Amino acid sequence: MNADIDKETLIYTVIAGIPVGKVASYGQVAGLAGYPQNSRLVGRLLKMMPNDSVIPWHRVVNSQGKISFPAGSEKYQEQREKLLSEGISFKSDKVNIKLHRWI
DNA sequence: TTCTTGACGCGCA
DNA sequence: ATGCGCGCCAAGA
């Protein structure tokens with residue numbers, strides 16, 4: 001009955017497991033949750049999460065290491081701030097994936 | 001119920 | 001590096 005909840009919980013758990021100072025891509029999270037082709041589902045799920053959620057959503061970026069929000073937007077800045085405050089360095093507009101890649 | 005949209009990813013020119 | 005198309009799949013209109 002709550003298969004959807006399980007799926008969400010699974011992805012939620014994976015994201016919650018990303019260490020401080022590390023980042024993971026949507027595809028990576030989806031894969032670890034058992035849905036290697038549902039990268040979009042991860043993003044969709046995060047989008048629906050409450051704003052006061054304790055989930056470290058900011059540690060999820062796209063496979064290029066870029067923030068998936070329009071450059072300059074509020075959300076973009078918010079995520080960038082959070083990442084910087086965790087010691088994650090940026091290479092221009094991309095996260096230095098080489099140094100901060102989780103897995 | 002069908003069509004469009006989107007916090008993505010990947011291959012190819 | 002840059003742009004384009006296609007695959008995936010659930011939510012919203």
Side-chain angles (χ1 to χ4, degrees):
Chain A
M1 163 195 245
N2 292 327
D4 289 337
I5 301 300
D6 291 328
K7 188 187 293 180
E8 293 176 22
T9 302
L10 213 50
I11 293 177
Y12 169 100
T13 303
V14 173
I15 296 176
I18 303 174
V20 175
K22 294 291 181 182
V23 297
S25 70
Y26 294 86
Q28 195 165 37
V29 172
L32 291 172
Y35 304 90
Q37 325 248 254
N38 294 38
S39 53
R40 304 192 88 145
L41 183 61
V42 176
R44 232 170 46 60
L45 222 41
L46 289 177
K47 182 181 184 180
M48 299 197 298
M49 298 261 178
N51 300 311
D52 55 345
S53 171
V54 296
I55 301 174
W57 57 272
H58 53 282
R59 292 180 198 151
V60 185
V61 295
N62 67 29
S63 64
Q64 298 171 70
K66 290 206 314 196
I67 290 175
S68 300
F69 286 114
S73 67
E74 260 182 67
K75 284 293 195 176
Y76 181 95
Q77 280 187 45
E78 184 185 343
Q79 181 166 13
R80 180 161 146 283
E81 294 299 313
K82 287 177 177 294
L83 292 175
L84 288 174
S85 69
E86 291 188 350
I88 292 175
S89 57
F90 277 73
K91 174 63 174 172
S92 189
D93 60 329
K94 305 192 198 81
V95 168
N96 195 327
I97 203 76
K98 293 286 189 181
L99 304 176
H100 306 296
R101 189 175 191 165
W102 179 25
I103 301 177

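Bear in mind that the values here come from a model prediction, so they are computed numbers and not experimental data. Every chain is numbered from 1, with letters handed out A, B, ... down the list of sequences.
A distance of 5.5 Å separates CD1 in A:Ile18 from CH2 in A:Trp102, rounded to the nearest 0.5 Å. Here the straight-line distance linking atom CG of A:Leu83 with atom CD1 of A:Ile67 works out to 5.5 Å at 0.5 Å rounding. Within the model, atoms OG of A:Ser92 and NZ of A:Lys66 stand 8.5 Å from one another, a figure rounded to the nearest 0.5 Å. Separating the CH2 atom in A:Trp57 from the NZ atom in A:Lys47 is a distance of 14.0 Å, to the nearest 0.5 Å. Here A:Met49 contributes atom CE and A:Glu8 contributes atom CD; the two are 6.5 Å apart, rounded to the nearest 0.5 Å. Taking CG of A:Leu10 as the start and NZ of A:Lys7 as the end, the distance is 10.0 Å to the nearest 0.5 Å.
Summarising the geometry, the separation between CG on A:Asn38 and P on B:dG6 is reported as 19 Å, rounded to the nearest angstrom. Atom pair A:Ile67:CD1 and B:dG6:P shows a separation of 19 Å (rounding to whole Å applied). As rounded to whole Å, 15 Å separates atom C1' of C:dG7 from atom CG of A:Leu41.
What you find for A:Tyr26 and A:Val42 is that their closest heavy atoms are O-CG2, 3.7 Å. Scanning both residues, A:Ala33 and A:Ile11, for their nearest heavy atoms gives CB-CG1, 3.7 Å.
Residue A:His58 forms a side chain to side chain donor-acceptor pair (under 3.5 Å) with just one option from A:Lys75, A:Arg80, A:Glu86, A:Glu78, and that option is A:Glu86.
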The contact string for nucleotides 7-13 of chain B, one letter per nucleotide 5' to 3', using protein heavy atoms under 4.0 Å with B, S and - for base, sugar-phosphate only and none, comes out as BBSS---
Tabulated below should be each protein N or O lying under 3.5 Å from an N or O of nucleotides 1-5 of chain B; please produce it.
none

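Within the 3.5 Å criterion, the main-chain N or O of A:Val60 finds a donor-acceptor partner in the side chain of A:Gln79.
Secondary structure note: stems in DNA chain B built from 3 or more consecutive Watson-Crick or G-U wobble pairs under 3.5 Å occupy B:2-6 with C:9-13, B:8-13 with C:2-7.
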